[in-house]
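This report refers to the structure that appears directly beneath it.
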Amino acid sequence: MEMSDAAALFMNKKKKDQEDQIMSNVKIIGPDVPNVPWQDRPEGASNLPIWRYQENPIIGRNPLNGVARIFNSAVMPYGDGFIGVFRGEQTNGIPYIYLGRSKDAIHWDFEEDKIPFQDEDGKAFMPGYAYDPRLVKVEDTYYIIWCQDFYGASIGMAKTTDFQTFTRIENPFLPFNRNAVLFPRKVNGNFLMLSRPSDSGHTPFGDIFLSESPDMIFWGRHRHVMGKTDEWWQNLKIGGGAAPIETSEGWLLFYHGVTGTCNGYVYSIGGAILDLDQPSVVKYRCGTFLLTPEEWYEERGFVSNVTFPCATIHDAATGKIAIYYGCADTYVGLAFTTVDEVVSYIKEHNSVSTVDTEIGKR
Ligand code: BMA
């Protein structure tokens, strides 16, 4: 039976409405950052919503005296430029965190010395190792969150307001844990942090959880956010990446998804959108990766086939997003997208499951 004109018109309108809904103008809720690093999508880039900076990697080998590699690092706007906390693998093989400053968020000057953390009573505090730092500003304070030894791999935290004095805060979680990522504002009056409970080794499992705190000391009301899936690129474990970006559609989260191959783990970048008021509820989750190791600096290095997002710089006025990711545990890479493109893509390839959409309390 042929469709009547009216029915065809109706169907077309419905399809158009659905497309408009997907292509809606998504807004970043946050400050304008007009100097966000940027390069337009190059001709011939893949049809994934993220494209790489053409001069990648932005930080090469032996960047500092006594530091063989910098990777898995986090940056943000500061003053009229940018500041960052960098995972530096020292020449004794032990990772630590170094401070860096930049005018353009691409060329970085590093401080020669490790970040000098201190306890609340002013005594020097130097963790045995410190890696995969994230840097998040909440209200007037900058928080650095990393992985350190707490009778096994767990989360360390410090705060600063001036990048001169770095005061350690109580370890938020019991061991073992990694990939803690703070939200950039309180939600319903509490600080929120994602984390990924793990083992103390190379962890062949792992889901993302959410915890709340009224004061950055006591953490509780833990919720499951999302786990591994049947999609092979994220079928072993996942972990939070960059601090979630607040958008009109929800919290945009770039995270890493891991698969196990006969040649080791492969780390890709995934994307999800969490409910603004109840972020343990996943609204959309992309079933396909957004970026996977393809370039020489992602495929070859100290640990091959790793793309590991730790930060974004984003501009509310234009919707531009610059993603900072570690490459092959050796370099720092930069990639770009826009909030419209990436949110549309995540929605079009949505594969959210009932485990993702539930509140995450059992
Ligand atoms: C994880 C973390 C990351 C690292 C990744 C790949 O367990 O240690 O720092 O990038 O492994 O080696």
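Inspection of the Glu249 and Thr247 side chains reveals no N or O donor paired with an N or O acceptor under 3.5 Å. A donor atom on one side chain and an acceptor atom on the other are not found under 3.5 Å apart for Asn305 and Tyr267.
To the nearest 0.5 Å, atom CG of residue Leu253 and atom SG of residue Cys286 are 12.5 Å apart. For the atom pair OG of Ser351 and CD of Gln234, the computed distance is 6.5 Å after rounding to the nearest 0.5 Å. Considering OG1 of Thr318 and CG of Asp32, their distance stands at 8.0 Å, rounded to 0.5 Å. In this structure, CD1 in Ile94 is found 8.0 Å from NZ in Lys114, a value given to the nearest 0.5 Å.
Comment: Lys103 engages Asp80 in a salt bridge, judged by a side-chain N to carboxylate O separation of less than 4.0 angstrom. Salt-bridge check for Glu341 with Arg41: passed, with a basic side-chain N closer than 4.0 Å to an acidic carboxylate O. Checked for salt-bridge contact, Glu212 and Arg223 miss the test: no charged N lies under 4.0 Å from a carboxylate O. Remark: Glu139 does not engage Arg185 in a salt bridge, criterion side-chain N to carboxylate O under 4.0 Å. Checked for salt-bridge contact, Glu120 and Arg168 miss the test: no charged N lies under 4.0 Å from a carboxylate O.
Under the 6.0 Å cut-off for aromatic ring centres, Trp108 and Phe86 qualify, their centroids lying closer than that. Aromatic rings from Phe166 and Phe125 are positioned such that their centres are separated by 6.0 Å or more. Aromatic rings of Trp146 and Phe117 (six-membered ring for Trp) have centroids within the 6.0 Å cut-off, being under it.
Note on ring orientation: taking the six-membered ring where Trp is involved, the planes of Tyr98 and Tyr96 are perpendicular (angle over 60°, cut-offs 30° and 60°).
Among residues two or more places apart in sequence or in another chain, the salt bridge (Lys or Arg N to Asp or Glu O under 4.0 Å) test is passed with Glu111 by Arg101. With sequence neighbours excluded, the residues forming a side chain to side chain donor-acceptor pair (under 3.5 Å) with Asp199 are Thr203, listed by chain and number.
Legend: ring pair (Phe, Tyr, Trp, His ring centres under 6.0 Å) pairs involving residues 188-215, not counting sequence neighbours, sorted by first then second residue: Phe209-His224.
Not a single donor-acceptor pair under 3.5 Å links the side chain of Arg134 to the backbone N or O of Ile144.
Arg87 forms a cation-pi arrangement with Tyr131, by the criterion of a distance under 6.0 Å to the ring centre and an angle within 45° of the ring axis.
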